[in-house]
Asks: 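This is the structure I want to talk about, given as structure tokens.
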Amino acid sequence: PTDTPIPLEVVGGFEIKKVSADDLSVILPKAEFELTDSGTKVSFTYVDASKSYQYSKTETTDILTTGDDGMLRLDKLPEGTYELKETKAPEGYMKSDKTWTVEVKKGSGQDADVTVTSDTEDELEDGILTVENTPTNIQILKKDKDTGSVLSGAVLAIKDPADNNK
């Protein structure tokens, strides 16, 4: 009898690093992402020992959250093309409006070739996708209506229109 080699399933992974657009050394925990395959959310199992989300056909965890270190690891993604979106930004930051295409395909040997692109540019660097969030800042200036000059010492109150006492 001839030994027929069993084909190995092609699987790949990558990491997401969340940082502030104002200062790339500021890491952002608790950002949420979703990965879809033809519009259907991809399910994962969180593995605490490796601090990673691993592809699962049976689990229903489809919200992927960056850890306290601002990192998120996706593992064991089967060969295919996926869409990645940020669904919730950390408090005090705006959500990225980018959509990334994740492609897992057979590489050399048993390793998968993983690319993550937006606007046709591969954004993976050493297996890490860095996603920047812009802080939500509001600047209110009181100006003279005739001259347009900024008035100093103005006091403003923000009220809830449904309740004038707030």
Side-chain angles (χ1 to χ4, degrees), residues 4-139 158 160-162:
T4 305
I6 299 171
L8 295 173
E9 183 179 11
V10 175
V11 294
F14 66 98
E15 291 180 281
I16 298 170
K17 179 181 182 181
K18 287 294 296 174
V19 295
S20 173
D22 283 359
D23 181 350
L24 300 181
S25 69
V26 175
I27 57 169
L28 302 177
K30 300 192 179 10
E32 295 180 3
F33 291 84
E34 74 177 14
L35 192 71
T36 57
D37 180 2
S38 302
T40 303
K41 289 182 183 180
V42 178
S43 297
F44 293 87
T45 299
Y46 183 74
V47 179
D48 202 35
S50 62
K51 294 188 177 177
S52 67
Y53 289 90
Q54 295 185 358
Y55 173 81
S56 173
K57 292 180 181 175
T58 58
E59 295 296 320
T60 57
T61 301
D62 53 24
I63 297 172
L64 309 167
T65 306
T66 56
D68 290 339
D69 60 356
M71 299 296 290
L72 165 63
R73 171 118 189 111
L74 299 178
D75 278 327
K76 299 188 178 181
L77 281 172
E79 188 172 16
T81 302
Y82 306 90
E83 189 174 87
L84 176 71
K85 288 183 181 179
E86 183 175 16
T87 56
K88 182 180 174 190
E91 188 174 327
Y93 289 84
M94 294 187 291
K95 178 175 71 73
S96 174
D97 59 359
K98 277 189 175 182
T99 299
W100 294 270
T101 300
V102 178
E103 187 174 10
V104 179
K105 59 185 177 181
K106 184 167 176 40
S108 59
Q110 294 180 352
D111 294 330
D113 186 18
V114 179
T115 57
V116 180
T117 57
S118 73
D119 303 324
T120 69
E121 179 182 331
D122 188 0
E123 294 191 25
L124 273 189
E125 188 172 317
D126 296 325
I128 299 173
L129 170 67
T130 300
V131 178
E132 300 175 15
N133 285 114
T134 303
T136 52
N137 296 322
I138 298 175
Q139 182 177 25
I158 299 175
D160 182 347

Asks: Does the side chain of E125 reach to within under 4.5 Å of the side chain of T130, using non-hydrogen atoms?
Replies: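 With C-beta onward as the side chain, the pair stays apart.
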Asks: State which residues pass salt bridge (Lys or Arg N to Asp or Glu O under 4.0 Å) with E32; sequence neighbours excluded, sorted by chain then number.
Replies: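 Scan of E32 (salt bridge (Lys or Arg N to Asp or Glu O under 4.0 Å), adjacent residues dropped) gives none.
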Asks: Are the side chain of T66 and the backbone of L28 linked by a donor-acceptor contact shorter than 3.5 Å?
Replies: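 Yes: the side chain of T66 pairs with the backbone of L28.
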Asks: Given the rule in the side chain to side chain donor-acceptor pair (under 3.5 Å) test, do S118 and E123 qualify, once you have shown the distances and angles that lead to the verdict?
Replies: CA-CA 7 Å; S118 73; E123 294 191 25; 2.2 Å; yes
Asks: What is the distance from atom CG of L35 to atom NZ of K85, rounded to the nearest 0.5 Å?
Replies: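 Rounded to the nearest 0.5 Å, the CG-NZ separation comes to 11.5 Å.
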Asks: Between K30 and D68, is there a salt bridge with N-O shorter than 4.0 Å?
Replies: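 Between K30 and D68 there is a salt bridge, with a charged N closer than 4.0 Å to a carboxylate O.
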Asks: Do F44 and L77 touch side chain to side chain, with heavy atoms closer than 4.5 Å?
Replies: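 Touching, per the 4.5 Å side-chain cut-off.
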Asks: Atom CD of E103 and atom CG of L124: how far apart are they, to the nearest 0.5 Å?
Replies: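 Here the interatomic distance stands at 11.5 Å.
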Asks: Please identify each residue that fulfils side-chain contact (heavy atoms from CB on, under 4.5 Å) with E15, with sequence neighbours left out.
Replies: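 With sequence neighbours excluded, E15 shows a side-chain contact (heavy atoms from CB on, under 4.5 Å) to M71, R73, I128, given in chain and number order.
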Asks: Specify the closest pair of heavy atoms between A21 and T134, including all atoms of both residues, with the distance to one decimal.
Replies: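 Minimum heavy-atom contact is CB-OG1, 4.0 Å.
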Asks: Below 4.5 Å, heavy atoms only, C-beta onward: do V11 and Y55 meet side chain to side chain?
Replies: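 No, too far: nothing below the 4.5 Å cut-off.
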Asks: How long is the straight-line distance from NZ of K88 back to OG1 of T65, given to the nearest 0.5 Å?
Replies: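 Separation between the atoms: 8.0 Å.
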Asks: Atom CG of L129 and atom CG of L72: how far apart are they, to the nearest 0.5 Å?
Replies: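 It is 9.5 Å, given to the nearest 0.5 Å.
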Asks: Any side-chain heavy-atom pair from Y82 and V104 closer than 4.5 angstrom?
Replies: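 Yes, their side chains come closer than 4.5 Å.
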Asks: Under 3.5 Å, is there a donor-acceptor pair between the side chain of S52 and the main chain of L74?
Replies: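 No, because the side chain of S52 does not come within donor-acceptor range (under 3.5 Å) of the backbone of L74.
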Asks: Measuring from Y93:OH to T136:OG1, what's the distance to the nearest 0.5 Å?
Replies: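 Answer for the OH-OG1 pair, Y93 versus T136, is 8.5 Å.
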Asks: Would you compute the distance between atom CG of D62 and atom OH of Y53 and round it to the nearest 0.5 angstrom?
Replies: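 Taking CG in D62 and OH in Y53, the distance rounds to 10.5 Å.
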Asks: Got Y46 and Q54 here, is their nearest side-chain heavy-atom distance under 4.5 Å?
Replies: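 SC-SC contact between Y46 and Q54 ruled out.
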Asks: List the residues meeting side-chain contact (heavy atoms from CB on, under 4.5 Å) with E86, not counting sequence neighbours, and say none if there are none.
Replies: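 With sequence neighbours excluded, E86 shows a side-chain contact (heavy atoms from CB on, under 4.5 Å) to K18, A31, F33, A89, P90, K95, S96, V131, N133, given in chain and number order.
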